[in-house]
2 protein chains.
Amino acid sequence: MIITIEADKANSDIMGSSKTYHNPTEATLDRIGGKWKTAILCLLAEQGALRNGEMMRALSPITQKMLSQQLKELEADGLILRTVFPEVPAKVVYELTKNGWSLRTVLDPLCEWGKRFVHTDKPEQNHGHQP
Amino acid sequence: MIITIEADKANSDIMGSSKTYHNPTEATLDRIGGKWKTAILCLLAEQGALRNGEMMRALSPITQKMLSQQLKELEADGLILRTVFPEVPAKVVYELTKNGWSLRTVLDPLCEWGKRFVHTDKPEQNHGHQP
DNA sequence: CGGAATCCTCGAGGATACTG
DNA sequence: CAGTATCCTCGAGGATTCCG
């Protein structure tokens, strides 16, 4: 069901953790609306745990700064988990949290709807991941 | 299903009408990612056809400029229909197109997921609209 | 390897005033 | 009533360089 704040209550803005939204959808977009966030989330949903370098390659032409930044924000929002293995050289792995996985209900339609504008002739690919 | 472009094909970007996306979700966000677009779309989905003034009030504190601009873009993307009634004074009505309605599969989850961050104590409201 | 620190630009979004 | 037309700001996003 679609929820929109009633007209007469629209002025009393809705508060999310210290931010003001006029609509619940803004709360979601505030978390996944970054330039690379949906790409990152979809990638992790597909591939499971990934390292920095792997994501850099998969998300090319993303820059290291943007990847780090977006990952940090996603982590702060509790959507992904960052694990550091104290090896030499350092090894860092990122994966979705439970909350991150819950986003599939959003990412899925977002992806499906967008595919109609993507003229690709390559056959659809099904990398299985948790149902 | 979540679709992400494969790593080795990520460089050959996907083309939407004259724009470049790295992921199908970007195509969707490109159309609904404007500051007020989801609010506008949800509002029209709920209320049906609405006039400029009605939307101004419902979306307060939106400005006239932003409303016009976002509506124009949504119309250009074929998501809403603008109808002018040649009366005096002028009367303009906006409503969702078929394509706009198809966005409910996206807006719905977007809204549902976001509600968890919206601490509202008012009971959920069910304005019925087409199933 | 996996970052952090700087610097810069460019355009989305807002305030304000005018118009048919 | 339903818009344009201007002007301005401010921060997301990108390029580049350094670090443990």
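This structure is a prediction, so every number in the text was calculated from the model and none was measured. Proteins come first, then strands; the chains are lettered A, B, ... in the order of their sequence lines, and each starts at number 1.
A rotation axis mapping the C1' atoms of four pairs onto the next four is fitted at both ends of the helix from C/dC1-D/dG20 to C/dG20-D/dC1 over five pairs, and the angle between these axes is 50° to 10 degrees.
Applying the side chain to side chain contact (heavy atoms under 4.5 Å, CB included) test to A/Leu81 and every residue at least two apart in sequence or in another chain returns A/Thr83, A/Glu95, A/Thr97. Annotation: side chain to side chain donor-acceptor pair (under 3.5 Å) contacts of B/Gln69 (sequence neighbours excluded): none. A search for side chain to side chain contact (heavy atoms under 4.5 Å, CB included) contacts involving B/Asp30 returns B/Lys19, B/Tyr21, not counting sequence neighbours. With sequence neighbours excluded, the residues that form a side chain to side chain contact (heavy atoms under 4.5 Å, CB included) with B/Thr105 are A/Trp113.
On the nucleic acid side, DNA chain C contacts chain B at distances under 4.0 Å to non-hydrogen atoms, with the end points of that region at C/dG13 to C/dA15.
Pairs engaging residues 54-98 of chain A under the ring pair (Phe, Tyr, Trp, His ring centres under 6.0 Å) rule: none recorded [sequence neighbours left out]. Evaluation of the ring pair (Phe, Tyr, Trp, His ring centres under 6.0 Å) test over residues 39-73 of chain B, restricted to residues two or more places apart or in two chains, returns none. Each ring pair (Phe, Tyr, Trp, His ring centres under 6.0 Å) pair with one or both residues in residues 30-54 of chain B, not counting sequence neighbours, appears once here: A/His22-B/Trp36. The stretch residues 70-81 of chain B participates, sequence neighbours left out, in these salt bridge (charged side-chain N to carboxylate O under 4.0 Å, His left out) pairs: B/Lys37-B/Glu73.
OP1 and OP2 of D/dC1 both lie 4.0 Å or more from every side-chain N or O belonging to B/Asn52.
Taking Ile, Leu, Val, Met, Phe, Trp and Tyr as hydrophobic and joining them when side-chain heavy atoms fall under 4.5 Å apart, one finds B/Val88 isolated, its cluster having no other members.
Between A/Leu103 and A/Arg31 there is no side-chain heavy-atom pair separated by less than 4.5 Å.
Near DNA chain D, defined here as any heavy-atom distance below 4.0 Å, the residues from residues 65-89 of chain A are A/Lys65, A/Met66, A/Gln70, listed numerically.
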